[in-house]
Amino acid sequence: MQYHRQRAETPQPSPARLSEGPYHVALHRRRDRSQMAGRLGRGRPLHRAAQRRQAQILRARDVPLPLGADPHGPRAQLHDGRRHRASQGGDGHNVLHPMGWDAFGMPAENAAMASGGHPKEWTYNNIADMRAQMKPLGLSIDWSREFATCDPEYYGQQQALFIDMLEKGLVYRKNAVVNWDPVDMTVLANEQVIDGKGWRSGADVERRELTQWFFKISEYSDELLSALDGLDDWPAKVKLMQANWIGRSRGLEMAFGLTETTHGHDRIEVYTTRPDTLLGASFVGISPDHPLARALEAEREDVAAFCAEARRGGTTEEALETGEKLGFDTGLTVRHPFDEGRALPVWIANFVLMDYGTGAIFGCPGHDQRDLDFARKYDLPVISTFAPAKDDGQALAEDGGPAYVPPKSEPVIYIRGFAGETEQSGETAIDAAIAFCEEHGVGRGVTRFRLRDWGLSRQRYWGTPIPIVHCADCGAVPEKKENLPVRLPDDVSFDVPGNPLDRHPTWRDAPCPRCGKAARRETDTMDTFVDSSWYFARFTSPRAETPTDMAEAEYWMNVDQYIGGIEHAILHLLYSRFFARAMHATGHLPEKAIEPFNALFTQGMVTHEIYQTRNANGRPVYHLPESVENGALKDSGEKVEIIPSAKMSKSKKNVVDPDAILAQYGADTARWFVLSDSPPERDVEWTASGAEAAHKHLARVWRIADEVAEATDGDTDADEDLLRQLHRTIRDVTLGLESFGFNAAIAKLYAFTSVLSKSSASAGTRRVAARTLAQLMSPMTPHLAEEIWTRLGGEGFVASAPWPVAEERFLVEDSVTLPIQINGKRRSEITVPKAMPKDEIEALVLGDEAVSKALGGAPRKSSSWCRAGSSMWSSDPSRRRWLLGALALGGCGFTPAFGPGGDAARLHGKVRVEAPATFLGYLLRARLLDRLGPAEAPRYVLTLETSEEVEQAAVSAEGAVLRYRLLGRAEYELRPLDDDPALARGTVEDFAGYSATLGTVASEAAERDARERLARLLTVQITTRLLAVPAPE
RNA sequence: GCCGGUGUGGCGGAACGGUAGACGCAGCGGAUUCAAAAUCCGCCGCCCACAAGGCGUGGGGGUUCGAGUCCCCCCACCGGCACCA
């Protein structure tokens, strides 16, 4: 190891200690954000403050899959340790840092199918490997709580949970569609469907219905949505994604009556979020799995043929949205509720899914692009119900244009409205339409959620068996708890497709738990998301005989800091939030834990560039990084193609092997590099040169520390300077670590290392500095920090020493550097004593050569300068301050006409503004008041009249982007309050441009933006003119 | 297609709305060395260069005294889209 060679030059502790280290700390400390400020501000150590023993679990998600199955594992490890220490560092708290393995799932089955082994063996082998790789990383994990989700002790408790949830009514059965491979006769996961075909058989995948188990997560839709508000330490983007996913909407539930009763159906139920477009309905679409379609299918061959065709393809939303839209006219018709004469055809459509809503929709081609495409394809009528409030020259859908889908807040003109005003926004129209429909007995307004219930059944072996026995007499009966766990049989094979549990000779046989008669076990297993939805709770009492021990859960929950990839933003995190609530409802978690994760951080991944060659058939062959050198294969010398890094995957051989990293560089270097190179929420590209640089730097730090340890003299005059830099570094690094800004914090450490190496300060001061440096590095490089700490006489472990505190007296500056900006560009800078009066500074600035050059002899307006000065000088003295040159230039910049001391001070605060109640009028008034100040004692009144129009200015070459011009005009009149003759009156005009794309909905916002700009332009004109008015007195 | 995000030198990336490119890598120059490794010092956005200057944060517009940062439109890429986890 290179580490050894370099360090051998000076007497040092043994290399083994450096890489493995005695470092393990069970008791972590914590400081919280609120105390940060106090510590920095008053130089008071905060550790005393945290006396209360506070329970917390760190390290939660990314119970990594066995290595090879989940490429995120290594990164998660490298990250977590440092992160926890980084966010702790304080003192006095118990920290639980457990480790577990999310071990069920398809990768194990796939490996078994590929290699003929058994998933269990494969999984436990990988766990052993990964554990071995992880232990040297210095992560201070509590291994006594380790478990894998495929341990019967774990999944047995999960089965108990399932039974409790069933009894609480949170589990039920219903039909749902799955991807069906008709050749392999097996259910496929979405990822096994490639371009609509099965991954093994290549056969066209079909959608097929099966009876499956569901968790009633939708019962918590409202709760899961509204509780997002309380998650202050979650990223806003994750909360937004969850909110959109839950998707609360208000709409109308109604039925179209069939003109003739068919197969017992006299109506078709639909739900719509746009009941205001009801008169634009031109057809009714039902799912191929709709009961009516099913009934028709049974007796009509043409229907059956179409339904078979329509069921082709995957079940994902993406496949449905982007796939070809197919329809079949059943010949049936329904009556329009508000137009008895009109009969709408009933079509079976492949994009209507039975799982969503009622499995039926009404099509409104005028205002939905998908419906429009469908209508044009099958020559169905297109009826528009509303048109833009302002004619933009764009044809309506019924005249051959695109579907018109404005934002719901935009006012439009209803040409086929039936409730509310002619001109109104979609929002108000929807409310009016719902009210109207309810009044006339057509349906009712309901609030719905997009969130669907969670189908947990999987027709696979390697998962938690669903603890249900199907009895001919008693139906589906939960297994008795004393019979748990329902164990997976070991004697299974994967040589044929399908679920091994299904074809196991004896496993299915079980007595009915209720009546004792011979019955059959459920052969579906649980979604592995179930496993990962409650393991954090299990960590609080991993060996308990019940899912959790309430006292332990009460003690440890909640998870303070949860770390996971952004790819878990919706499903995993939402399911966990649901499970926490379900576990509370079933008595397995305290109420405080229904939001289990107090703070969430989304991290990136470690990536590596991919090395690829091509074989004789031109198919890519991938190579491991260690077999490549200088852009060519080490053994054959063949050139490799380098593909920029992508998500690590075993198949592309760009996986970074933690073993290799550790062997070559050691844990400290690996962690230092991963943290220093990019912000933690982003992916890290693993590069050998980057790791090398990290390694060199750590060696340098050691060298410096060693020199410092030996040093006996130095210049005490330089102490002050070094201490300044040190305390500045303490402040910056501490703040950086607090806010997950690791890479920036590490940059500061680099800088300080350089300062220290050049410092001529006294030996004692340098020792303190080096020791503190080590301490600041300790979250990233625990081993090295511990070595240096000990060598430089630190007491105990660096990990248990109080975190350093930046002392205010070393942070204050005597002088300050002021960049000088003229017209927004930096032209020069001066450094002045902090206490220098502004007049002197001004003189200095004006005397500056670069400044006078930039000013080019332009006359300076003293009033402007004054304003600039006063506004700047009142700001926080410790902050960098600016001289604003722009205001000083005659002819450019703006004149602060109505500011205090300005020419028009006579009007300031004395003008009442009266504007019409138009949007533009409102904006103008607000702008004018901004400039004139609120009229506390009005002496004048400014009356405005406004008008505006939109003009189409240009069309882009492709005709896709339209450019508009918003023309505005304002008439103003200023008169004294008690006097008739006007002091000033006139008209100002201007315009503001904006562009919008055809068929998109963004035009409203663009126009609003333009109107604001217009108001500003008009305001400037008006104020300029008012300025010219001679003083009335 | 829908939802969310990202876009800054050759590269990874810094920048409370205030000196764009901190820090690192690569590159270039120098010191040390018989030489090399290691180490140390310096330079390092682009254009024009003697300098002065000009241009620059995916593209187009806007707000602002001042925009990488805020607003609008567009483009590209990444994540998610309910059976990968």
Side-chain angles (χ1 to χ4, degrees), chain A residues 5-6 9 65 69-70 72 102 105-107 178-179 187-193 237-238 240-241 244-245 247 315-318 320-323 355 369-370 451-452 454-455 457-460 527-529 531-532 565-572 574-575 647 673 676-679 682-685 687 689-690 692-694 696-697 699-700 703 741 743-744 746-751 757 817 819-829 853 864 868 879-882 884-889 892-894 960-961 992-997 1000 1002-1003 1005-1010 1012-1013 1016:
Chain A
R5 189 177 67 228
Q6 289 152 12
E9 290 166 12
L65 269 184
D70 181 357
H72 310 187
D102 190 8
M106 300 216 320
V178 294
N179 299 307
V187 177
L188 299 178
N190 282 334
E191 70 160 9
Q192 296 173 320
V193 179
K237 65 176 170 181
V238 173
L240 184 58
M241 284 161 85
N244 287 338
W245 185 259
T315 57
T316 65
E317 193 175 321
E318 186 189 0
L320 294 172
E321 291 282 338
T322 56
D355 284 8
Q369 190 60 44
R370 185 179 62 186
L451 181 65
R452 309 200 299 260
W454 172 9
S457 296
R458 297 291 179 270
Q459 295 71 38
R460 273 177 261 288
D527 179 5
T528 53
F529 267 126
D531 310 339
S532 57
I566 186 67
E567 69 272 20
H568 294 117
I570 295 175
L571 292 180
H572 166 65
L574 191 62
Y575 288 161
K647 187 166 159 174
F673 167 65
S676 69
D677 215 39
S678 57
R682 241 185 264 187
D683 293 349
V684 177
E685 163 91 17
T687 59
S689 61
E692 192 66 41
K696 278 186 196 172
H697 178 74
R700 184 182 186 212
R703 222 166 28 240
N743 54 333
I746 286 178
K748 302 285 185 196
L749 290 170
Y750 268 104
S757 79
T817 299
I820 301 166
Q821 219 178 37
I822 293 169
N823 273 347
K825 286 192 193 301
R826 174 193 170 269
R827 295 296 173 178
S828 182
E829 68 177 35
K853 205 164 171 183
S864 311
R879 298 231 312 249
R880 172 188 292 155
R881 292 168 300 179
W882 283 82
L884 297 185
L887 299 180
L889 294 177
C892 27
F894 80 96
V961 179
Y994 64 97
S995 49
T997 307
T1000 67
S1003 55
E1007 186 185 312
R1008 196 171 49 230
D1009 189 53
E1012 285 191 16
R1013 298 198 311 268
R1016 190 178 291 263

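Computation of the quantities below employed the complete heavy-atom set of this structure, encompassing side-chain atoms and omitting hydrogens, waters and symmetry-equivalent molecules. Quick note on labels: first sequence line is chain A, next is B, and so on, each numbered from 1.
- Qualifying salt bridge (charged side-chain N to carboxylate O under 4.0 Å, His left out) partners for A:D527, counting only residues two or more places apart in sequence or in other chains: A:R458.
- Judged as a ring pair (Phe, Tyr, Trp, His ring centres under 6.0 Å), and not counting sequence neighbours, the contacts of A:F529 are A:Y575.
- Heavy atoms of A:Q459 sit under 4.0 angstrom from at least one base atom.
- When the P atom is used for both B:G54 and B:U39, the distance is 41 Å, rounded to whole Å.
- Look at CD1 on A:I746: it is 13 Å from C1' on B:G12, rounded to the nearest Å.
- Nucleic acid contact class of A:T316 (heavy atoms, under 4.0 Å, all strands): sugar-phosphate only.
- In terms of phosphate contacts, A:S532 brings no side-chain nitrogen or oxygen within less than 4.0 Å of OP1 or OP2 of B:A85.
- Paired runs in RNA chain B that reach 3 or more consecutive Watson-Crick or G-U pairs, where each pair keeps both distances under 3.5 Å, cover B:1-7 with B:75-81, B:10-12 with B:23-25, B:27-31 with B:39-43, B:45-47 with B:53-55, B:58-62 with B:70-74.
- When the P atom is used for both B:A15 and B:U69, the distance is 15 Å, rounded to whole Å.
- Checking the phosphate oxygens (OP1, OP2) of B:A38, no side-chain nitrogen or oxygen of A:R700 falls inside 4.0 Å.
- Listed by chain and residue number, A:N179, A:T315 satisfy the side-chain hydrogen bond (donor to acceptor under 3.5 Å, both in side chains) test with A:N190 (two or more places apart in sequence, or in another chain).
- Remark: A:E318 engages no residue in a side-chain hydrogen bond (donor to acceptor under 3.5 Å, both in side chains) (not counting sequence neighbours).
- Within the 4.0 angstrom heavy-atom criterion, no nucleotide atom of any strand lies near A:V193.
- As rounded to the nearest Å, B:C25 and B:A31 have C1' atoms that lie 22 Å from one another.
- Taking the O4'-C1'-N9-C4 or O4'-C1'-N1-C2 dihedral as appropriate, B:G9 has a value within 90° of 0 and is therefore syn.
- Put simply, A:N743 has no side-chain N or O that comes within less than 4.0 Å of OP1 or OP2 on B:G12.
- Between the CG atom of A:L571 and the C1' atom of B:G79 there is a distance of 12 Å, rounded to whole Å.
- Heavy atoms only, all atoms of each residue included: A:F673 and A:A694 are closest at CB-CB, 3.8 Å.
- Counting any heavy atom pair closer than 4.0 Å across all strands shown, A:G455 reaches sugar-phosphate atoms only and no base atom.
- Spacing of P atoms, B:C44 relative to B:A22, comes out at 10 Å, to the nearest Å.
- Residue contacts shown for A:S757 are absent, as no nucleic acid heavy atom lies under 4.0 Å away.
- Rounded to whole Å, atom P of B:C81 lies 13 Å from atom CG of A:N179.
- The same atom, P, is picked in B:U33 and in B:A52; the two are 38 Å apart, to the nearest Å.
- Contact annotation: the side chain of A:V193 never approaches that of A:T316 to less than 4.5 Å [non-hydrogen atoms, C-beta and beyond].
- To the nearest whole angstrom, the two C1' atoms, one in B:G56 and one in B:U19, are 15 Å apart.
- Residue A:F529 contributes atom CZ, which lies 10 Å from atom P of B:G80 at whole-angstrom precision.
- In terms of the side chain to side chain contact (heavy atoms under 4.5 Å, CB included) criterion, residue partners of A:M106 (sequence neighbours excluded) are, by chain and number, A:N110, A:A189, A:E191, A:Q192, A:R460.
- When the P atom of B:G13 is taken as reference, atom OH of A:Y750 falls 15 Å away, rounded to whole Å.
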Could you run down the sub-3.5 Å N/O contacts of the protein with nucleotides 2-5 of chain B?
residue, atom, partner, partner atom, Å
B:C3, O3', A:N244, ND2, 2.8
B:C3, O2', A:N244, ND2, 2.9

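- Here A:L320 lies out of heavy-atom contact (under 4.0 Å) with every strand.
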Reading 5' to 3' through nucleotides 25-30 of chain B, protein heavy-atom contacts under 4.0 Å coded B for base, S for sugar-phosphate only, - for none | S-----
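- With sequence neighbours excluded, no residue forms a side-chain hydrogen bond (donor to acceptor under 3.5 Å, both in side chains) with A:W245.
- For the C1' atoms, the distance from B:A14 to B:G7 is 16 Å, rounded to whole Å.
- Out of B:A22, B:A82, B:G80, the shortest distance to the side chain of A:A747 is found at B:A22.
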